[in-house]
Protein chains: 2
Amino acid sequence: MSDEIRRSMPLFPISIVKSLTDLSARQIRYYEEHNLVHPARSEGNRRLFSFNDVDRLLEIKALIEKGINLAGIKQVLSMQKVPDNEPMDQEQVEEIHNDLSEKELRRLLQQELHTAGRYGKSSLRQGELSRFFH
Amino acid sequence: MSDEIRRSMPLFPISIVKSLTDLSARQIRYYEEHNLVHPARSEGNRRLFSFNDVDRLLEIKALIEKGINLAGIKQVLSMQKVPDNEPMDQEQVEEIHNDLSEKELRRLLQQELHTAGRYGKSSLRQGELSRFFH
DNA sequence: TTTCTTATGTTAGTTTTCTTAACATCTCTT
DNA sequence: AAGAGATGTTAAGAAAACTAACATAAGAAA
């Protein structure tokens, strides 16, 4: 079984994800509503989160704590997923450009640079959860 | 966080454990009832299984499939946990001796040797689940 | 063969957890 | 002051899990 499949297996109910991330159920659902995470669903419509989902929520949380708003976070997350050589598909490109105008983005990032200090790799680190499980 | 703590964190509801192990809820509860696993509980009394618990259930399942009964499985599991140099505590010793008489055990293992072939390390392998997650 | 035991299935009634939707509130931005 | 964004809170309903009881199949024992 590939690592990617393992990491994307739907395993956790929202109660566990709450305790793993220290986010409220309301927050988790709100982030899903705004397409920042896409947990699977059980037959009976309960959310089931994978390791990847939890990692993503931890990244979101870190960015939230730096004062970045959801639009900005969406932007950041959509960027880090694109492998260097593979071209973005059209949908992805459109999403990035629809969500936030260039101007808005520049302002946001500027504010971030100002208030939260250097905007370095550390804030983009993936696989937070992997520190806890392997 | 130590690996052992990670592996013993209560994470999974019984529905997920069912799909991970292909055991029925009835079987899982029955094995708990007979002290083969000890999942944690949520505040509201729902079972929460750790990676270790799931591993253990997979071991139990493998032994069941070899025709070993619960008493025999209990025996086997209680043996493999004891590190070579650390002495067993009294409770553990008593458990082993109460659950099954020497004679019964000898018969059981003999039958196992006969019907399921060589009783080798493979049947005692720990950490089955770790093949799926790391 | 009949009976007992073990392991599991099934069902019923309850309790807990999760769901969506609505409304409230607080903080920024305009 | 008004609007937007993010989160809290609450209510009502649905799904999932709990225990307990009873059913049953296969083997062991008598």
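Proteins get letters first, then strands, A, B, ... in listed order; numbering begins at 1 in each.
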Taking the side chain of [X] as heavy atoms from C-beta outward, which of [options] is closest to it?
X	options	answer
B:Ile14	D:dC18, D:dT7, C:dT8	D:dC18
B:Arg46	D:dG8, C:dA7, D:dA16	D:dA16
A:Arg47	D:dA6, C:dT19, D:dG8	C:dT19

Length of the [atom1]-[atom2] vector between [X] and [N], whole Å:
X	N	atom1	atom2	answer
A:Glu33	C:dT19	CD	P	13 Å
A:Ile64	C:dC28	CD1	P	14 Å
A:Ile16	C:dT17	CD1	C1'	12 Å
A:Asn69	D:dG3	CG	P	21 Å
A:Gln27	D:dT9	CD	P	11 Å
A:Arg26	D:dT9	CZ	P	11 Å
A:Ile73	D:dA6	CD1	P	8 Å
B:Lys18	D:dC18	NZ	C1'	13 Å

Open item on the list: Nearest heavy atom decides the nucleotide; on that basis, is B:His34 or B:Gly44 closer to the 5' end of DNA chain C?
Closed with: B:His34
TODO: Between A:Arg41 and B:Tyr30, name the one whose nearest nucleotide on DNA chain C is closer to the 5' end.
DONE: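 The residue closer to the strand's 5' end, by nearest nucleotide, is B:Tyr30.
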- [ ] Please determine if a side-chain N or O atom of A:Tyr31 lies less than 4.0 Å away from the OP1 or OP2 oxygen of D:dA6.
- [x] no
Open item on the list: Tell me whether the side-chain N/O atoms of A:Ser42 come closer than 4.0 Å to OP1 or OP2 in D:dA15.
Closed with: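 For D:dA15, OP1/OP2 do not have a side-chain N/O of A:Ser42 under 4.0 Å.
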Task: Option passing side chain to side chain donor-acceptor pair (under 3.5 Å) with B:Glu32 (candidates B:His38, B:Gln27, B:Arg47) - done: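 Among B:His38, B:Gln27, B:Arg47, the one meeting side chain to side chain donor-acceptor pair (under 3.5 Å) with B:Glu32 is B:Arg47.
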Task: Complementary nucleotide of C:dT25, counting Watson-Crick and G-U pairs under 3.5 Å - done: D:dA6
TODO: Report the relative orientation of the aromatic rings in A:Phe12 and B:Phe12; use parallel for angles under 30°, tilted for 30 to 60°, perpendicular for over 60°.
DONE: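 The arrangement is parallel - the two ring planes meet at less than 30°.
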Open item on the list: Any base atoms under 4.0 Å from B:Arg29, or only sugar-phosphate, or nothing? Heavy atoms, all strands.
Closed with: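 It contacts base atoms.
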- [ ] Answer yes or no: is there a side-chain heavy-atom contact under 4.5 Å between B:Ile16 and A:Leu48?
- [x] yes
Task: Non-hydrogen side-chain atoms of B:Lys74 and B:Asn35 separated by less than 4.5 Å - done: yes
TODO: Given side chain to side chain contact (heavy atoms under 4.5 Å, CB included), test A:Met9 with B:Leu20 step by step and report yes or no.
DONE: CA-CA 10 Å; A:Met9 278 190 70; B:Leu20 251 27; 3.8 Å; yes
